[in-house]
2 protein chains.
Amino acid sequence: MDAVSETRQKLIDGAVETIRTHGISGVSARTIATTAGVNQALVFYHFGSVHDLLSEACMVHTQATVTAYQPRLDKVTTLQELLATGRELHAGQAEIGNVKVLAQLLAGSQNDPELAKATGAALALWTTAVEQVLVRVMAGSPVKDLLDIGGLARAVSAGFVGLELFEGVDPQGARQALDTLDQLAVLVEVVDDLGPVARRAFRAKVKRVADR
Amino acid sequence: MDAVSETRQKLIDGAVETIRTHGISGVSARTIATTAGVNQALVFYHFGSVHDLLSEACMVHTQATVTAYQPRLDKVTTLQELLATGRELHAGQAEIGNVKVLAQLLAGSQNDPELAKATGAALALWTTAVEQVLVRVMAGSPVKDLLDIGGLARAVSAGFVGLELFEGVDPQGARQALDTLDQLAVLVEVVDDLGPVARRAFRAKVKRVADR
DNA sequence: GTCTATACTGGGATAGAC
DNA sequence: GTCTATCCCAGTATAGAC
């Protein structure tokens with residue numbers, strides 16, 4: 001039935017769960033194997049090393065989560081809704097905290113080029129999804145031509161990772177930050193809704209300041 | 001001369017250096033002691049545990065970096081300059097990457113309440129400094145009353161941490177994101193510069209959307 | 001092909017030397 | 001008060017059993 005070994009799957013799930021509960025610094029072949037309920041040495045048999053298991057788990061889990069959230073993202077029509085979907089993803093029990101896992105892997109990738117390759121690819125799945133939403137949401141906006149949407153998507157993704165980590169040390173502050181971003185999203189919408197006169201003045205100002 | 005033991009200082013410096021070069025998952029009493037050039041057991045004599053050393057090092061290093069950057073922050077008059085100072089801080093060799101160190105400690109804090117207390121306090125030093133700048137920069141802005149500056153300061157700090165981690169796996173993408181934030185800062189300035197008519201229309205729109 | 005027993009290295013912590 | 005020698009456990013990895 002299953003093309004992929006059952007033990008392999010157990011180890012991948014165990015790796016994700018271990019990162020969630022123990023963080024990147026608590027990850028080892030032993031802790032993962034204990035969580036997965038298999039012998040520790042199987043990590044090396046099936047994946048060659050802990051790094052390689054983490055890389056694989058990172059991709060599989062992120063792929064699954066992005067796919068699961070795609071329908072919701074497809075329905076997003078405003079920046080506020082995008083933010084709300086992000087908060088949902090952040091708090092959601094369903095896909096068990098992919099952002100949390102990614103944040104830990106990202107931290108671990110800073111001094112590990114091998115892992116960096118995998119987390120970079122996983123993060124790209126998110127930024128691509130976010131970019132698609134932004135292109136759609138900002139299609140009719142005058143702001144569209146003034147901002148690099150790809151760069152904005154990357155900033156949004158990075159911001160969510162940062163907020164995830166922030167929340168771990170200051171939950172109240174993180175909520176406060178997210179609420180403020182909500183206000184900011186409203187502001188952008190408002191700029192979109194300016195009348196034609198103000199809009200023209202707006203564009204002119206942008207050109208002037210940008211050429212500074 | 002020195003009120004604080006020389007070995008203590010060596011260990012604190014060694015801890016910071018080890019986090020920078022090996023990341024949070026490469027930190028141990030042994031690696032720190034090797035970097036510091038002292039016996040491994042001295043970590044436990046002087047600080048009781050590795051966690052406690054990290055907590056202390058986190059506070060000392062962040063305090064020193066914030067103090068070193070305060071004069072530069074005091075000179076900031078626009079959002080773009082704030083962003084530029086952030087980029088400088090990020091790349092700067094001088095205070096040897098406090099953001100990088102904080103990002104790693106933040107990741108390690110997610111599953112360690114003790115460490116979370118210290119990194120939370122350290123991060124608060126940054127958010128307070130950023131908030132002061134924002135209050136000053138936005139003093140004359142119509143946007144001021146529509147945004148929670150404290151929340152914005154937290155979002156900015158979290159964003160920088162996120163971008164630091166992002167850079168480790170995708171340096172080009174991180175630069176792209178920062179460039180886009182620069183464009184966004186211009187946009188906000190532009191809104192500030194709107195004439196009185198557009199400004200009034202703007203406020204009205206904000207109220208309408210916000211009450212949604 | 002899958003897994004266990006086992007070897008070896010590095011990590012946290014302390015008892016006790018100086 | 002300061003530091004070293006030493007203990008024991010957790011970590012990676014492999015040789016070889018099934």
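Keep in mind that the numbers below use all heavy atoms, side chains included, and drop hydrogens, waters and symmetry copies. Letters A, B, ... mirror the listed sequences (proteins, then strands); counts begin at 1. For clarity, every value in this text was computed on a predicted model and none was experimentally measured.
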Of all the choices, [options], which nucleotide is nearest to the side chain of [X] once you look at every atom?
X       : options               : value
A:Phe44 : D:dT14, D:dG11, D:dT4 : D:dT14
B:Ala41 : C:dT4, C:dT14, D:dT12 : C:dT14
A:Arg30 : D:dT4, D:dA10, C:dC3  : D:dA10
A:Asn39 : C:dT4, C:dG1, D:dT4   : C:dT4
A:Ser28 : D:dA13, D:dT12, C:dG1 : D:dT12

- A:Arg136 side chain vs A:Glu131 backbone, donor-acceptor pair below 3.5 Å: no
- Hey, does the Lys NZ or Arg CZ of A:Arg8 hover above the aromatic six-ring of A:Phe47, less than 6.0 Å from the centre and inside 45° of the axis? yes
- Query: Going by an N to O cut-off under 4.0 Å, is there a salt bridge joining A:Glu88 and A:Arg72?
  - Reply: yes
With a cut-off of less than 4.0 Å, is there a side-chain N or O of [X] near OP1 or OP2 of [N]?
X       : N     : answer
B:Thr7  : D:dC3 : yes
B:Tyr45 : D:dC3 : no
A:His46 : C:dC3 : yes

Find the distance [X]:[atom1] to [N]:[atom2] and express it as a whole number of Å.
X       : N      : atom1 : atom2 : result
A:Arg8  : C:dG1  : CZ    : C1'   : 13 Å
A:Leu53 : D:dA13 : CG    : P     : 12 Å
A:Glu6  : C:dG1  : CD    : C1'   : 15 Å
B:Phe47 : C:dT14 : CZ    : P     : 17 Å
B:Asp52 : C:dA13 : CG    : C1'   : 13 Å

- So which one's nearest nucleotide on DNA chain D is more toward 5', A:Gly26 or A:Leu42? A:Gly26
- What does A:Val50 touch in the nucleic acid at a heavy-atom separation under 4.0 angstrom: a base, only the sugar-phosphate, or nothing? sugar-phosphate
- Message: Using only modelled atom types and a 3.5 angstrom limit, is any donor from either the side chain of A:Gln40 or the base of D:dA13 paired with an acceptor on the other?
- Response: yes
- Query: From B:Thr34 OG1 over to B:Glu17 CD, what is the distance, rounded to the nearest 0.5 angstrom?
  - Reply: 13.0 Å
- Item | Enclosure of A:Gln70 CD (heavy-atom neighbours >12, cutoff 6.0 Å) | yes
